[in-house]
Amino acid sequence: MSQLTKQQIKRYNRQIIVPSIGVKGQVKLLDAKVVIVGAGGLGCPVSSNLTGTGVGTIGIVDYDEVEESNLHRQLLHYESDVLKNSKVDSAINKLQQMNSSIKFIRHNILINSSNAFDILRDYDIVVDCTDNVATRYLLNDACVLLKKPLVSGSALQLEGQLTVYNYQDGPCYRCIFSKPPPPETVQNCGDSGVIGAVTGVIGSLQAMEVVKIIMNHENVMSGKLLLYDAAMCSFRNIKLRSRRKDCEVCGDNPTITKLINYEQFCGMCAMDKNPNLKIL
Amino acid sequence: MSQLTKQQIKRYNRQIIVPSIGVKGQVKLLDAKVVIVGAGGLGCPVSSNLTGTGVGTIGIVDYDEVEESNLHRQLLHYESDVLKNSKVDSAINKLQQMNSSIKFIRHNILINSSNAFDILRDYDIVVDCTDNVATRYLLNDACVLLKKPLVSGSALQLEGQLTVYNYQDGPCYRCIFSKPPPPETVQNCGDSGVIGAVTGVIGSLQAMEVVKIIMNHENVMSGKLLLYDAAMCSFRNIKLRSRRKDCEVCGDNPTITKLINYEQFCGMCAMDKNPNLKIL
Amino acid sequence: MDITLDFGGGAEVLFNNIKKRELKLDDGTKWTLRSFLQYMKDNLLTDRLELFMQGESVRPGILVLVNDTDWELLGELDYEIQPKDTISFISTLHGG
Amino acid sequence: MDITLDFGGGAEVLFNNIKKRELKLDDGTKWTLRSFLQYMKDNLLTDRLELFMQGESVRPGILVLVNDTDWELLGELDYEIQPKDTISFISTLHGG
Ligand SMILES: [Zn+2]
Ligand SMILES: [Zn+2]
């Protein structure tokens, strides 16, 4: 596609008139294909923002069903979805009503080493909105091997983090964290909780980075890590190392050339499930 | 209300277990009354976040109808709402499905000096999600006279700003900007555009400040201004003056003791309407 | 004296669209924000004066900062600029 | 020598839940991040060692920063601490 219809110009007018977007930028957005892994606290704002913005093809990956404890922060899921709909269906049902011209692709499946390449292969950009260590390493390795940028966000309690991995010679996740954390040090949202607005902030920032990558903007958060502290409403921009030449997966002589067993690697389950509610 | 039902504990579990919230905090949220002025780019993320969080009474003020050019960033409004529903109805239709226990109050009206007190009076916190200078001064003065904190956000192109006015001896809007800007210097979203993710970030940050005020948190953004630059993904925390003792409305000897004619004061219309689309 | 000058909220459009720049101010004189505004008017401004200034100060709607601090806390026009200061002019945004 | 020590991503729970503190390090000795980690282990750590360290370094999942810069750019354990440095220990978050 190289030009916009009158209706597209009208619909996307308020972003087309922003100098760094323009008609050319809107065409790029409409041509782009982005996959969002995780339709939870981060995945909801990422997918709604990108849907509004007009990213032409959006894939959503999630194996899970909507549960009541999701509702406080996973704002695309309604009460009527609880225990009735998969998160993927729930999300896309709303998103398609927001923007009928977006092509949504449902991946209602647990992403793992067997299927990751097939799921991710045809997209331009991968967005990590997952909630566990093993899947984060999986996505990292898959994106390096498939040569795709990975827009990574995370949140817990009153903090959030954001960076873009594997982009323009920037580091990948393993460049920085070549070994996974000991299982007993990992807190997840099921144990420690999270405030919804924090995922709203990080998810919106992830969407902004996706747009910047599509625009080929010069200041993407690659080699930089954003730390968000909601209590202080403060943000820090950390300067990270470049791509590590001896990185096991993205280095000059990689030892990892295909996907491995990530649950084994991490000693942890590839999901954040907490059957026992902590009740104070 | 002083305790939670089993269902509430289940629904809000992931925020209840965050130490600074707890059961007591959740009770405060359910008892709180917040009014959001503007159901557009900022108002949509603010209202969805607060709905998920369980703020018990949420008022939404907007005179406008949903238009096509809203859809890229005003994510509570669907294609089926365009030219059919008011923004207030469109928003609350979705929000009520997210959380049936919230009491939503519709204020489908243009807020002005005659009705502002009646509209705002019964709420604890006011959130400024408006899009024009005159209404911002109106809300400021009304909040000072009614003694309510004002959580103010704004966005344009690739920038956003956030602060809380009139809270714990912090400044109000007039303390900093006692005179309105010359009309020819004011850019609005209709003229200059805005990227949706920017309003997503600022709106989520506004929701976070509302939660902190309800929690009586010690680090609310009062006397501090957040500047967000989406291109650089950078945030600055500006230290602002305290309440100005000679401020016309919140000072020790105020000259403004009732609401005035703000359109006259600003020399500008109390709305952001741009009938001519800028087409590149 | 080296200082940094930056703009936010769109104010850069009045100054050749340059958001951030390093400047060298003449070391011989004492610089205040008052004299610096005149310097900006005479040397850097690329649009109409009334879009930036009113009288000897900035026009309403522009907030002046030194090192991320509101100039009102520092004496406003009388503030004496120090080496390595960052002086910022932020236009307040109204959109939503 | 005055320095600032802070934590993010929950790492503060291992250090008496204090997110940020000022420290005075003995001026007589040269301090590296290597020796500072030992100091933290001996004087500040309030939880099990293996939740913070492995061998002479931090355990996997903790990123060390000096003045908001990845320690890998500064020599990691060999970096020599300077007066007024801010040293940060950030636990990487995985939740969403
Ligand atoms: Zn790597
Ligand atoms: Zn005031």
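Order of the sequence lines sets the chain letters (A, B, ...), proteins ahead of strands, with each chain counted from 1.
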J.: S48(A) and side chain to side chain contact (heavy atoms under 4.5 Å, CB included): which partner among T53(A), N99(A), L75(A), L95(A)?
T.: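 It is L95(A); the other options fail the test.
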J.: Is it the backbone or the side chain of L226(B) that comes under 4.5 Å from a heavy atom of chain A, or both, or neither?
T.: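 For L226(B), the contact with chain A is made by the side chain alone.
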J.: Please classify the contact between E218(B) and chain A as side chain, backbone, both or neither, with a heavy-atom cut-off of under 4.5 Å.
T.: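 Answer is neither: E218(B) stays 4.5 Å or more from chain A.
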J.: Is it the backbone or the side chain of T51(B) that comes under 4.5 Å from a heavy atom of chain A, or both, or neither?
T.: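 Neither part, no heavy atoms under 4.5 Å.
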J.: Non-hydrogen atoms of chain B under 4.5 Å away: do they reach the side chain of M221(A), the backbone, both or neither?
T.: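 The side chain, not the backbone.
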J.: So which part of L156(B) gets closer than 4.5 Å to some heavy atom of chain A, the side chain, the backbone, both or neither?
T.: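 Contact with chain A is absent: no heavy atom of L156(B) under 4.5 Å.
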J.: What's the separation between atom OH in Y228(B) and atom CD in Q161(B), rounded to the nearest 0.5 Å?
T.: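 Separation between the atoms: 13.0 Å.
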J.: Is it true that a side-chain atom of N49(B) and a backbone atom of G203(B) form a donor plus acceptor pair closer than 3.5 Å?
T.: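 Judged by distance alone, no pair lies under 3.5 Å.
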J.: By a 4.5 Å heavy-atom criterion (distance strictly below it), what part of I202(B) contacts chain A: side chain, backbone, both, or neither?
T.: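 Nothing of I202(B), per the 4.5 Å heavy-atom cut-off to chain A.
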J.: Among V46(A), N70(A), I195(A), single out the residue with the greatest number of heavy-atom pairs under 4.5 Å to chain B.
T.: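 Most pairs with chain B among the choices: I195(A).
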J.: Among R236(B), M215(B), Q157(B), K224(B), which has the most heavy-atom pairs under 4.5 Å with chain A?
T.: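 Most heavy-atom pairs within the cutoff with chain A belong to Q157(B).
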J.: Ignoring hydrogens and geometry, is there a side-chain-to-backbone donor-acceptor pair from Q15(A) to Y12(A) under 3.5 Å?
T.: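 A pair under 3.5 Å: no.
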J.: Taking A207(B), G41(B), G200(B) one by one, which has the highest count of heavy-atom pairs under 4.5 Å against chain A?
T.: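 Top option by heavy-atom pairs under 4.5 Å: G200(B).
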J.: When only pairs under 4.5 Å are counted, which of V211(B), V201(B), L50(B) shares the most heavy-atom pairs with chain A?
T.: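 That would be V201(B).
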J.: When only pairs under 4.5 Å are counted, which of M232(B), Q74(B), E67(B) shares the most heavy-atom pairs with chain A?
T.: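 Max contact count across the listed options: M232(B).
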J.: At a heavy-atom separation under 4.5 Å, does R11(A) approach chain B through its side chain, its backbone, both, or neither?
T.: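 Looking at R11(A), backbone and side chain both touch chain B.
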J.: Can you tell me if K212(A) uses its side chain to pair, donor with acceptor, with the backbone of A230(B) under 3.5 Å?
T.: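 Flag set: sc K212(A) to bb A230(B) pair under 3.5 Å.
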J.: Any donor and acceptor pair, going by atom type alone, linking the side chain of K94(B) with main-chain N or O of S90(B) inside 3.5 Å?
T.: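 Answer holds: yes.
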J.: Taking I16(A)'s backbone N and O only, do any of them form a donor-acceptor pair with H72(B)'s side chain (distance below 3.5 Å, no angle check)?
T.: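 Not confirmed, H72(B) side chain does not pair with I16(A) backbone.
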J.: Looking at K33(B), is its backbone amide N or carbonyl O close enough to the side chain of D124(B) to form a donor-acceptor pair, meaning the two atoms are under 3.5 Å apart?
T.: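 Yes.
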J.: Can any side-chain N or O of E79(B) pair as donor or acceptor with the backbone N or O of S100(A) at less than 3.5 Å?
T.: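 Yes; judged by distance alone, with no hydrogens or angles, the pair exists.
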J.: At a 4.5 Å cut-off on heavy atoms, which part of E209(A) comes close to chain B: side chain, backbone, both, or neither?
T.: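 Answer is side chain: those atoms of E209(A) sit under 4.5 Å from chain B.
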J.: Of all of Q97(A), M208(A), R73(A), which one pairs up most often with chain B through heavy atoms under 4.5 Å apart?
T.: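 Heavy-atom pairs under 4.5 Å are most numerous for Q97(A).
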